[in-house]
Amino acid sequence: MARLLADRPADTLTIGEMARHLGHSHGAVRNAALTLVRRGEADQGGTGQPEFRANAKTAAAAQSAVISPPGTHSPRAQAATARTTIPAAAKPKQTGPIRRAGGQLYHPRELADLPDVEALNRLRDADVPVLLYGPPGTGKTSLVEAAFPDLLTVAGDGDTTVGDLIGEYTQADSGGYVFQYGPLVTAMTEGRALLIDDATLISPKVLAALYPAMDGRRQIQVKAHKGETIKAEPGFYVVAGHNPGVHGAVLTEALASRFSVQIQVGTDYDLALALRIDARVVRVARHLARQVELGELGWAPQLRELLSYQKTEAVLGTRAALANLVGIAPVEDRDAVAAAVIKAAGVKQVAPLTLGKQLPASAVRQPPSIGSAHRGRSR
C-alpha cells in the first residue's frame, strides 16, 4: 500500500482504485490505508468517499512491512477454519485503551472472557451480526467505533428512509441529477462494518431493505437505480444499537431474528471511578441504577452523563454541576435524583440549573468591540 502511494506522489487514490491495482479486497485495502494514516505515513482527504495520498513519510514506510497493534483491526486474510482452531487463551488480548477515529479513548471491557473489541472482531470474522442494547450513554457506539476502524454509521430515527440506507438521486453542480449511494451500499462494496444506531426507531419497512444483505444472499437490489444488484464484499458486517427505554423504540421479531448475538450494555461505574469522576456522584448513579432495576425509577446517570458532570464541574464548579445533573433527569424522576444528590453530596438543597436575576451592568464583563480592538492594535 505504501509503495503504491509513494510511486504516485501527485495522485489521490480511493479505496476502490487501490483495491483494483493491488488485487486485494476493499476491506483489506481500507484497513491498510487507515493504518498508514494513523501512523502518520499517509494523508487522508475527500469530503465524501475517502481519498489517500503520500506524504513525506510514505516512502520510508514502503521499505518495511506495516504491522498494526493487536486489536486495531480484524485478521480478514486468515481462513475461518484456521481461526476456529486457535484457543481463546492463545490469542493476544487488547486490554489497554483504544483511540477511536475521533481521538477519544475507549477502555475495553470483558465479554465472554475476552476484551469486548476482540469479541466483536471474532463475531465479525464469523459473520455473526450483533445487536447491542441498553440505556443511552452506556458506550454502545463507542465500543463499535473502537472495534471497527473502518466503520460507517447510520443514525436511525423515525424519519430514516430507504434512501438514507441505499442512496438516492441528488442534484449535481451541473444542474443534472446523479445517484448518490448510501452507507449500506458503500459498506457492502468496500467490505466495511456498518452500524445501524438506534435501529429500533427506524420503520420496519425501511429496515426490510437491509435484510437481504445480511442473510445468505448477501446482496440487495437498488430499485431506484435501474434495478442494480449490489453484492457484499468480504468483510461487510452489520451491527445495530437498541435503546429499550427510548420512546418509540420497537424491537420487532424480524429485526431480532437477524441478530444472532444480543449483548446488554450498561455503565461500568468502576471505570467512572478510575476516570476520577467525583466518587459521591458515582455513588448517586449506582444508587439510582439499582432503583431503575427494581422498577422504582425510569432514569439513572450513565457514563455519558458522568463524564459530562466532570467537565461541567471543571468549568462551572461543583454546585452548578450537581444542579445540572438534576436538571437533565426526566421531570418525573427529578425529585428522586435531587434527594439522592442531597444525601450523597451533603448539600442542603439542589435544584435544576436555572438563570437567576439580571446582573447590574457594572458586574458584567463586556467583550471588546471590533472597533476598540482595532484601535488597540493600531496604537
Practice problem: Scan side-chain atoms only and decide if Asp197 and Thr153 contain a donor-acceptor pair under the 3.5 Å cut-off. | Solution: no
Self-check item: Residues clustering with Val331 (ILVMFWY side chains joined when closer than 4.5 Å, directly or via others)
Solution: none
Quiz prompt | Pairs flagged by salt bridge (Lys or Arg N to Asp or Glu O under 4.0 Å) wherever residues 290-301 is involved - sequence neighbours left out | solution = none
Practice problem: Please identify each residue that fulfils side-chain contact (heavy atoms from CB on, under 4.5 Å) with Val292, with sequence neighbours left out. | Solution: Leu297, Ala300
Practice problem: Assess whether atom CD of Gln358 is packed by more than 12 heavy atoms of other residues, nucleotides or ligands within 6.0 Å. | Solution: no
Exercise. Can you tell me which residue pairs pass the ring pair (Phe, Tyr, Trp, His ring centres under 6.0 Å) test with a partner in residues 281-309, sequence neighbours excluded?
Key: none
Self-check item: Set of side-chain hydrogen bond (donor to acceptor under 3.5 Å, both in side chains) partners for Arg218, sequence neighbours left out
Solution: Asp127
Quiz item: Who pairs with Ser142 by side-chain hydrogen bond (donor to acceptor under 3.5 Å, both in side chains), at least two apart in sequence or on another chain?
Solution: Arg100
Listing, residues 334-349 side-chain donor-acceptor contacts under 3.5 Å, not counting sequence neighbours, or none:
| unit_1 | atom_1 | unit_2 | atom_2 | d |
| --- | --- | --- | --- | --- |
| Arg334 | NE | Ala329 | O | 3.1 |
| Arg334 | NH2 | Gly327 | O | 3.0 |

Quiz item: Which residues, ordered by chain and number, are linked to Leu201 in its hydrophobic cluster, where ILVMFWY side chains connect at heavy-atom gaps below 4.5 Å, directly or through other members?
Solution: Val246
Quiz item: Considering all heavy atoms of both residues, which atom of Tyr106 and which atom of Gly139 are nearest to each other, and what is their separation?
Solution: CE1-O, 4.4 Å
Quiz item: In Å and rounded to the nearest 0.5 Å, what is the CG to CD distance from Asn121 to Glu118?
Solution: 8.0 Å
Exercise. Scan for salt bridge (Lys or Arg N to Asp or Glu O under 4.0 Å) pairs involving residues 155-181, sequence neighbours excluded, and state none if there are none.
Key: none
Quiz item: Going by heavy atoms in the side chains, are Met18 and Leu4 under 4.5 Å from each other?
Solution: yes
Practice problem: Answer yes or no: is there a side-chain heavy-atom contact under 4.5 Å between Val130 and Val238? | Solution: no
Quiz prompt | Heavy-atom check, side chain of Phe148 versus side chain of Leu120, under 4.5 Å | solution = yes
Practice problem: Under the ring-ring contact (aromatic ring centres under 6.0 Å, His included) rule, collect the residues that match up with Tyr181, sequence neighbours excluded. | Solution: Phe179, His225
Quiz item: How long is the span from the CG atom in Leu195 to the CD atom in Glu145, to the nearest 0.5 Å?
Solution: 8.0 Å
Side chains of residues 265-277: which donor-acceptor partners sit under 3.5 Å, not counting sequence neighbours?
| unit_1 | atom_1 | unit_2 | atom_2 | d |
| --- | --- | --- | --- | --- |
| Thr267 | OG1 | Gln302 | OE1 | 2.5 |
| Thr267 | OG1 | Leu303 | N | 3.0 |
| Asp268 | OD1 | Asp270 | N | 3.1 |
| Asp268 | OD1 | Leu271 | N | 3.2 |
| Tyr269 | OH | Pro301 | O | 3.1 |
| Asp270 | OD1 | Arg286 | NH2 | 2.6 |

Self-check item: Residues forming a side-chain contact (heavy atoms from CB on, under 4.5 Å) with Leu353, sequence neighbours excluded
Solution: Ala320, Ala323, Asn324
